Amino acid sequence: MIKFDLNPMQREAVLATEGYFLILAGAGSGKTRVLTERIAYLIREKKVSPERILAFTFTNKAAGEMRVRVEKALSMRKIPFWVSTFHSTGLKILRKEADRIGFRNNFAIYDEDDSIRLIKEIIKKKGWSLDEYPPSIVRNRISGWKNGLVTPEEAENGAADGIEELMARAYRIYDLELKKCNSFDFDDLITRVIELFTVHPKIRDRYARQFKYLLVDEFQDTNTIQMMMIDMLASKNKNLFVVGDDDQAIYGWRGATIDNILQFDRLYEGTVIIRLEENYRSTNNILSASNAVIAHNLDRKGKRLWSKKGDGEKVRVIYSSDGAEEANAVREATVRLIRNGHRRDEIAVLYRTHAQSRALETAMIRGGLPYQIIGGVRFYERKEIKDLLGYLKLVNNPDDDLNFKRVLNVPKRGIGNVTLERIEKEAGGMNLLPALMESGMLERFPSAQAKRIWEFTKLIASIKLKAGKESAHDILTYLIDTIEYRNYLKEDAKTAQVRLENIDELLNETKRFTASSDDPSLAGFLEEIALISNVDSLRDDDKVSLMTLHNSKGLEYRSVMITGVEEGLLPHFSSFGDEREMEEERRLFYVGMTRAKEELYLFCAASRMQFGNWNDNRPSRFLEEIPQPLKDISGLCRPSSVEDDLFKGFESNDPFEESGERTGTDSKFRVGVSVQHSSFGEGTIKKVEGSGLDMKVTVYFTGYGQKKFLAHYAPFVFK
């Protein structure tokens, strides 16, 4: 039976089973409920076997919540339908099929830090400069190639210049090293599935036949290869149900393609479009303000959110003189909300860039307000955690040369870089740990060195023996005690306490995993943590949450504060001159606004320290797009007409020539000039348009392509 408390549009979506369906689900419109009720309906009413249903989500947390809801709706436990992220689904398929594309099924998964370390090794071995080729930028370029399904050979052949050619060479070596180490990076969990399905169409057809019904959540965030994976899996039964919101497409910068949702009904003939517009989260003043802002975007399907919750409070717009005053205003507003009955965990403070969090943290500390930062340095990226996981990964996959090198001398056991270099030389092309354990290679080392190395290999062998019969928690406990890791951490008194607490938390995590998982093994635990995202690490503590607007997506709070609503920050200066990027900035603001249930605060500062200089800022054009009757304005309000008066009266640092002539020819912005950007690195000016405060410059950055800037705002250092 379908629940009668579904609204008419939700009910229509739940009953939609055969064919292609695009559900345009506005923020807070109950899309998760629609997805879970539809899965329950398929199993209960349509008698579909759970194994024939595949549902994609974007976080493990969302997948877990969906599974719990379906099980509750059906009063059943451990229903064997597939609900997971794209990467988790890819991992599940590759664990069964990796041998078909030349890998063993016990492959390791490299996280971002592992990938960067491997690329750093490659750059050093090639004698290239780490300053000229920063590993993180090379890694991003490789990721871009992989997500475009560009092979290393194609990347080398299509390189635009010498720098890109060297990056392509690094990509080729990186790919070979991954294969040698029997490892996949995060991108491979999808790209290798595409390779598998392309090379072995019978395997593709087997999975496509298995999944009679395919559901996709957050469809607006899919990229090209995820869309290929969806299309391949839906190719036989042709029952594809996608749920998304084109107004919340905010991940174009990392490869998401809004065209997937905008063009869906053109790609799949006969698509039925259903709009979910009733909002169950926010008051109408918040929704009306959000509707008014997003209506300025042209690249959208169109919908209008409404609510039965009443009008509620107006949107509060607060102007401050500078960033510090803004942070204090945020703190004061937070204190007032708490005094009026809010819990701290019902309040979120959002910002466009991580750099904005510093002043906010200081204000929170001074006010004695407990807070948590979402998306900062993550637990699993801390050195002590990476060390212990390095051991566990090596035990699970002895071919993992990267983690062999990481843990060989941790804690210090007298095996330094010189010895490691000799091990690599003696191993030739073999993987390092197997070479040491099987080839008699140790006989060629001095006895003292050989003894230390042999003790290390015995340690790994003893842990591997345990891994076959004991839980992840027992193995980690044994490892920490055997290598005396706590004593090693105590050698640095300044950091010992925090690091000891972190390894205790890792032990707690393995204990929780062992108690709740169907597969409490070491391999199962390593798979679990390999797929953890920022939002998955969100704690439920009673603390004010600080996070970027990007990290806020999918969350909701009783009250939301968005800071830095200024031209150059929100919208970000990198979007100036590019209408599609400007529309994504507007969608990002819209996402932040629609996180609020009852109260929405928008903060704007007249000046702010950025890139080491004080900059005078104008109120964001987005503030102007909110109708006046919906706003309650306080603080010093500057000229309101952003469109007509956007760049008058600036007194910020002037990037133009001191001659006073503000023309394209007299400016230091000239075609061919090299500049340094804090995020994109070194670039070359390719085009200059306009003059004075309207001047725009197009700059090519290796690894990022061309970016357009309003010259007056561009935070460049000239080379």
Side-chain angles (χ1 to χ4, degrees), residues 13-14 16-17 19-25 31-40 42-43 48 50-70 79-96 147 186-194 196-197 204 207-246 248-249 251 254-261 264 267-268 271 527 530-533 535-536 553-554:
V14 169
T17 56
Y20 299 108
F21 295 89
L22 170 59
I23 313 302
L24 294 173
K31 69 177 179 63
T32 304
R33 188 175 182 205
V34 166
L35 282 163
T36 54
E37 288 291 340
R38 185 175 187 270
I39 294 170
L42 288 170
I43 295 172
V48 177
E51 293 92 342
R52 304 203 68 190
I53 300 172
L54 170 60
F56 283 121
T57 67
F58 269 81
T59 68
N60 294 310
K61 182 178 180 181
E65 289 175 354
M66 189 180 297
R67 178 174 291 281
V68 168
R69 288 197 191 192
V70 171
I79 302 173
F81 74 100
W82 289 45
V83 54
S84 59
T85 65
F86 285 93
H87 293 93
S88 296
T89 299
L91 173 59
K92 196 171 181 179
I93 292 171
L94 289 170
R95 281 290 180 217
K96 295 180 179 179
N147 281 278
F186 214 58
D187 294 320
D188 289 331
L189 296 181
I190 300 178
T191 60
R192 292 292 188 179
V193 172
I194 303 300
L196 171 73
F197 286 171
R204 176 199 64 204
Y207 283 98
R209 280 192 296 269
Q210 175 183 339
F211 300 120
K212 185 174 182 181
Y213 295 97
L214 196 63
L215 302 88
V216 185
D217 192 11
E218 303 288 4
F219 185 65
Q220 76 282 347
D221 294 333
T222 54
N223 62 22
T224 301
I225 59 171
Q226 288 163 343
M227 189 64 231
M228 290 181 68
M229 189 173 178
I230 291 167
D231 189 66
M232 287 175 165
L233 290 170
S235 60
K236 290 297 179 183
N237 292 301
K238 304 185 186 306
N239 293 321
L240 178 56
F241 182 94
V242 302
V243 182
D245 184 1
D246 49 329
Q248 295 188 71
Y251 295 119
R254 71 180 188 193
T257 307
I258 191 175
D259 289 340
N260 287 347
I261 192 168
F264 185 85
L267 180 62
Y268 297 106
T271 293
E527 283 190 8
L531 300 167
I532 287 176
S533 69
V535 175
D536 290 331
K553 188 165 173 295

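Small disclaimer: the values here were computed from a predicted structure and weren't measured.
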*Asks:* Are the side chain of Arg52 and the backbone N or O of Phe211 linked by a donor-acceptor pair below 3.5 Å?
*Replies:*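 Here the side-chain-to-backbone pair does not exist.
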*Asks:* For Arg38 and Val14, which heavy atoms make the closest approach, and how far apart are they?
*Replies:*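 It is CG-O, 3.6 Å.
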*Asks:* Between Lys553 and Asp221 (salt bridge meaning N to carboxylate O under 4.0 Å), is one present in this structure?
*Replies:* yes
*Asks:* Val243 versus Leu215: any side-chain heavy-atom pair under 4.5 Å?
*Replies:* no
*Asks:* How far does CD1 of Ile39 sit from CZ of Phe81, to the nearest 0.5 angstrom?
*Replies:*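 Ile39 atom CD1 to Phe81 atom CZ measures 4.5 Å (nearest 0.5 Å).
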*Asks:* Report the distance from atom OG1 of Thr89 to atom CZ of Phe56, rounding to the nearest 0.5 Å.
*Replies:*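 That separation rounds to 4.5 Å.
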*Asks:* Please assess Arg192 against Leu94 for the test side chain to side chain contact (heavy atoms under 4.5 Å, CB included), listing each intermediate value before the final yes or no.
*Replies:* CA-CA 8 Å; Arg192 292 292 188 179; Leu94 289 170; 4.1 Å; yes
*Asks:* Does the Lys212 side chain pair with the main chain of Arg209, one donor and one acceptor, at a distance under 3.5 Å?
*Replies:*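 Judged by distance alone, no pair lies under 3.5 Å.
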*Asks:* Would you find a donor on one side and an acceptor on the other, under 3.5 Å apart, between the side chain of Arg33 and the backbone of Arg69?
*Replies:* no
*Asks:* So, for Ala256 and Gln220, which heavy atoms are closest and what is the spacing to 0.1 Å?
*Replies:*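 Looking at all heavy atoms of both residues, the closest pair is CB-O, 4.4 Å.
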*Asks:* Does Thr257 offer a backbone N or O that forms a donor-acceptor pair with the side chain of Asn223 under 3.5 Å?
*Replies:* no
*Asks:* Can you name the nearest heavy-atom pair linking Leu240 to Val216, along with the distance?
*Replies:*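 It is CD1-CG2, 4.3 Å.
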*Asks:* Say whether, by atom type as modelled, one donor and one acceptor occur between the side chain of Asn260 and the main chain of Thr224 under 3.5 angstrom.
*Replies:*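 No, because the side chain of Asn260 does not come within donor-acceptor range (under 3.5 Å) of the backbone of Thr224.
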*Asks:* Kindly indicate whether the side chain of Gln248, heavy atoms from C-beta on, has any atom under 4.5 Å from the side chain of Glu218.
*Replies:* no
*Asks:* Would you say that Phe58 contacts Thr222 through its side chain, given a criterion of any heavy-atom pair below 4.5 Å between the two side chains?
*Replies:* yes
*Asks:* Which atoms form the tightest heavy-atom contact between Asn237 and Ala208, and what is the distance?
*Replies:*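 It is ND2-O, 3.1 Å.
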*Asks:* To the nearest 0.5 Å, tell me how far Ile53 CD1 sits from Ile43 CD1.
*Replies:* 4.0 Å
*Asks:* Got a second to check how far Met229's CE is from Thr191's OG1, nearest 0.5 Å?
*Replies:*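 Answer for the CE-OG1 pair, Met229 versus Thr191, is 10.5 Å.
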*Asks:* Please round to the nearest 0.5 Å and tell me the distance separating atom CD1 of Ile225 and atom CG of Asp187.
*Replies:*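 So the CD1 of Ile225 and the CG of Asp187 are separated by 6.5 Å.
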*Asks:* Knowing that exactly one of Thr17, Asp217, Leu22, Leu35 qualifies, which makes a side chain to side chain contact (heavy atoms under 4.5 Å, CB included) with Phe241?
*Replies:* Leu35
*Asks:* Could you pull out the closest heavy-atom pair between Leu214 and Ala234, with the gap in Å?
*Replies:*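 Nearest heavy atoms, Leu214 then Ala234: CD2-CB, 3.8 Å.
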*Asks:* Parallel, tilted or perpendicular: which fits the ring planes of Phe197 and Tyr207, with parallel below 30° and perpendicular above 60°?
*Replies:* tilted
*Asks:* So which heavy atom on Val34 is nearest to which on Ala13, and how close?
*Replies:*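 Minimum heavy-atom contact is CG1-CB, 3.7 Å.
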*Asks:* Where does the angle between the aromatic ring planes of Phe264 and Phe219 fall among parallel (under 30°), tilted (30 to 60°) and perpendicular (over 60°)?
*Replies:*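 Judged by the thresholds at 30° and 60°, the geometry between Phe264 and Phe219 is perpendicular.
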*Asks:* With the side chain counted from C-beta on, respond yes when Glu527 and Leu91 share a heavy-atom pair under 4.5 Å apart, and no when they do not.
*Replies:*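 A side-chain contact exists here, since the closest heavy-atom pair is under 4.5 Å.
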*Asks:* Is there a side-chain contact between Ile190 and Gln226 (heavy atoms, below 4.5 Å)?
*Replies:* yes
*Asks:* Would you give the length of the straight line joining atom NZ of Lys92 to atom OG1 of Thr85, rounded to the nearest 0.5 angstrom?
*Replies:* 11.5 Å
